[in-house]
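Here's the structure we're looking at; comments come further down.
Note that the structure is a prediction, hence the values are computed from the model and not measured.
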Amino acid sequence: MDSLPPFHQHFAHLVWLLIHREAQADEQKDVLRRAMEELAQSRHVVGLQDISFTVANAFHHVAFSDNIIWLSELSVRMSAHSVRTVEFEQSVSPGDVLGLARLFAKPAVSGDDGAAFDAMVVRLGPTDVAVHIGPMGFVRTATPTHLRTVLPGPARTPAGAPAIPAVSRGFTPPAGIPGAGTGTPSKTRSERGGVRDDTLSMMHAQITPHAPPAKGLAELLARLDAEPGAARLIEDAAREAEERAKQGLWVDLAEVLWRLHQRHARSPEGDLRRACLASIRRLEKPVLMQGLARLLPRRREMREMLTQLLARSGESGADALIDLLINAEHTAERRAYRTALSHCPAAVPALLHLLGDSRWYVVRNAAELLGELAPPDADIRLAELLSHREPRVRRAAAGSLSRFGTQRAVLGLLQAVQDASPDVRLQVVLGLGAIRNPRAVPWLVEALDREQDPDVQSAIIASLGMMPTEESVARLARAVEPGGLLLRKSTIFRLHAVEALGQAASPS
C-alpha cells in the first residue's frame, strides 16, 4: 500500500461505494472530498498494472485491510472495461471524478476492447482527464476548451466488426461527418465540452497503413552518422521514426531506435547523451513497443535486435510481449514472443501477477517464463502452483522450480512426488534429478516402491543414480535383481537400474 498514493485508495473506495453502497451519499461525498484534496496537491495517474501488483503482493499476507478490497474492486473493473490507465490533472472537477467512478461501477461489455467504455467517456465529457483504453494503447485525450462533434456509436471498431476496406491515399470523410469536404475540422461545442474525439484521425491512420514513407529518413540517418555531435539531428530522427510508425513502418522505427541506442552508448556525458536518451524514451511508448513486438514472428533476421530493443524499454516492451503472447493464436507467434520475454527482466512483476489468472494456459506460460528468468523469491509462488487444478500448469511449475534449486523448490517438488498425473510426477522426478539434492533420496525410494508408470519408474531410477548415497545405491542394487516368481521385474527396468549404478560410480 505504501507504493500507491492516497488518491488511488480514495478513488477505489469511491468506486466500491458506488457498487456496494449506492445509497450512502454522505460517505461517497466524504471520500470524494478526500480525493479532491489529494488532487489539489498534484496530478495523479491511476494505472491498472500498479494496482494489480499491489493487490497481488497484499494477498501474500494472512490479513489485509479494507484498502486492498477497494483496490481489488477497482482492478477488476478497470480490467473488465479494458482500461489501462486514467490520468487526472490537478484542475479536474469533482463532478468529473465522480462521473468516472460511476462509469467504472457500470457493467462491462465483454470482448469489445473498451469501445463501450470509450463511448461512455465521450458522452460524459470530462475535462482534464485522459483515459488509456484497450490493448493497443488508444488514449482518449481531453481538453478544457472545446470538443469536436462526436460520431455516432463507439469511437473504435468493436471486436468482430468487418474490416475497413482499403482506399486510395486521398482520404475523404463520408457524407454526414462534420467537416467532410470542407478541408477543415468542425469545431462545434458539445453541451458538456471537454473530450476531443479523434475518430477521424484514427480512421485515416487505419485505412492508410501502407502509405509511402516520408522522404528523407535515409538521408537523415546518413547525416546522423556523419555529424555525431548534432543533437538537433537526433531529435529530427526520432520525430521522423514516430511519423513512420503511424504509417505502420515498424522496421524503420526499429532501425532508428537501434541507432539511437548505439549513439547513446558511445556518447560521453553531456547534452548529446541527454538528447539521445530523451529521443529513446519518446520512442519507447507502449503502443510503439507493441508494433515492434509484432515484427518478431515475421522478421526472423531482426529478432535479436528487436529482442534487445524490447528488453531495454523495460515495462513497455515486457507488457507488449505479454499482451501479444496471451492473445497469440499460432504456435510460431507464441514461440517468438516467449523467447523474447525470456530476455526481459522487467516482465517479472507482470508474470507474477499472471500466475493468478483464470486461464490455465496463461498461468502455464507465465510459470515457464519465470523459470527461465529465475527471479528471486518467485519459487514461493511457483510452489503454490503445484496444487493447481490443471495438470499442465503443475507440470510447468515443476519444471520451473527445478531451475531454481532452492530449498523451497526442493520441498515443493518433494510434496508433488505423489501427484495424481503421471506427466506431473515425471516432471517432478526429472526436476529432483537435475537439482541433485540428497534430501530427495528417501522420497524417491519410497515413490519407486509404489510407482506403476514405467516412464516415471525409469526417471526415478535415473535420478537415484545422480544422487549416490548409501540408500540410493542399495535401492538400485535391489532393482537390478530379477525378482521372484510372483513379482518378476522387466528387463528394461533392470537395465535402467544397471545404468543408474554406473552413473552413481560410488565404491558401494
Side-chain angles (χ1 to χ4, degrees), residues 1 3-5 7-20 44-59 64 67-88 97 99-121 124 129-140 154-156 158-160 286-287 289-290 315-316 318-328 341 346-366 381:
M1 280 301 302
S3 60
L4 290 179
F7 176 78
H8 289 62
Q9 168 193 330
H10 300 323
F11 186 72
H13 190 188
L14 181 58
V15 173
W16 187 89
L17 287 171
L18 291 170
I19 298 170
H20 301 285
H44 286 280
V45 178
V46 177
L48 172 61
Q49 188 178 72
D50 295 335
I51 297 174
S52 299
F53 290 163
T54 300
V55 173
N57 290 333
F59 274 95
F64 45 86
N67 298 336
I68 295 300
I69 298 176
W70 303 332
L71 289 170
S72 178
E73 183 75 60
L74 179 59
S75 172
V76 170
R77 293 287 170 159
M78 291 181 70
S79 178
H81 288 292
S82 298
V83 177
R84 299 168 67 94
T85 308
V86 182
E87 301 178 17
F88 294 90
V97 176
L100 261 297
R102 284 174 173 160
L103 294 188
F104 281 117
K106 292 179 179 294
V109 177
S110 177
D112 73 336
D113 289 338
F117 190 88
D118 181 52
M120 290 191 295
V121 173
L124 176 66
V129 177
V131 186
H132 300 242
I133 303 174
M136 294 303 294
F138 168 77
V139 182
R140 174 61 65 193
R156 297 179 297 118
V287 65
M289 290 301 99
Q290 193 154 64
E315 291 185 0
S316 296
D319 289 347
L321 288 169
I322 290 173
D323 286 343
L324 291 173
L325 175 62
I326 291 175
N327 297 300
L341 265 173
V348 170
L351 292 174
L352 288 172
H353 175 66
L354 289 177
L355 293 182
D357 197 277
S358 59
R359 296 162 291 183
W360 69 265
Y361 56 91
V362 173
V363 181
R364 179 200 60 190
N365 289 336
R381 298 291 307 281

Check side chain to side chain donor-acceptor pair (under 3.5 Å) between [X] and all other residues, then give those that pass, not counting sequence neighbours.
{"X": "D319", "value": "Q49"}
{"X": "S75", "value": "S52"}
{"X": "E315", "value": "none"}

Derivation and outcome, side chain to side chain contact (heavy atoms under 4.5 Å, CB included), residues V129 and V86:
CA-CA 7 Å; V129 177; V86 182; 3.9 Å; yes

Quick one: closest heavy-atom pair of [X] and [Y], and the distance?
{"X": "A366", "Y": "L354", "result": "CB-CB, 4.0 Å"}
{"X": "V109", "Y": "A116", "result": "CG2-CB, 3.6 Å"}
{"X": "A318", "Y": "A346", "result": "CB-C, 4.0 Å"}
{"X": "T85", "Y": "V45", "result": "CG2-CG1, 3.2 Å"}

Could you tell me whether a side-chain N or O of R381 sits under 3.5 Å from a main-chain N or O of L352, the two making a donor and an acceptor?
yes

Main chain of A105, side chain of R77: is a donor-acceptor contact present, judged purely on distance under 3.5 Å?
yes

Step-by-step side chain to side chain contact (heavy atoms under 4.5 Å, CB included) determination, L71 to L4:
CA-CA 10 Å; L71 289 170; L4 290 179; 3.9 Å; yes

Under the ring-ring contact (aromatic ring centres under 6.0 Å, His included) test, which residues partner H81, sequence neighbours left out?
F117

Decide yes or no for L100 and F11: does some side-chain heavy atom of the first lie under 4.5 Å from some side-chain heavy atom of the second?
yes

Does any part of the side chain of D118, heavy atoms only, come nearer than 4.5 Å to the side chain of V131, both counted from C-beta?
no

In Å and rounded to the nearest 0.5 Å, what is the [atom1] to [atom2] distance from [X] to [Y]?
{"X": "Q9", "Y": "L14", "atom1": "CD", "atom2": "CG", "answer": "12.0 Å"}
{"X": "I69", "Y": "H20", "atom1": "CD1", "atom2": "NE2", "answer": "9.5 Å"}
{"X": "R84", "Y": "S79", "atom1": "CZ", "atom2": "OG", "answer": "10.5 Å"}
{"X": "I326", "Y": "R359", "atom1": "CD1", "atom2": "CZ", "answer": "5.0 Å"}
{"X": "L325", "Y": "I322", "atom1": "CG", "atom2": "CD1", "answer": "8.0 Å"}
{"X": "W70", "Y": "L17", "atom1": "CH2", "atom2": "CG", "answer": "7.5 Å"}

Of all residues at least two apart in sequence or in a different chain, which pass the salt bridge (Lys or Arg N to Asp or Glu O under 4.0 Å) check with R102?
none

Going by side-chain contact (heavy atoms from CB on, under 4.5 Å), name the residues that satisfy it together with V46, two or more places apart in sequence or in a different chain.
F7, H8, I51, L74, M78, F88

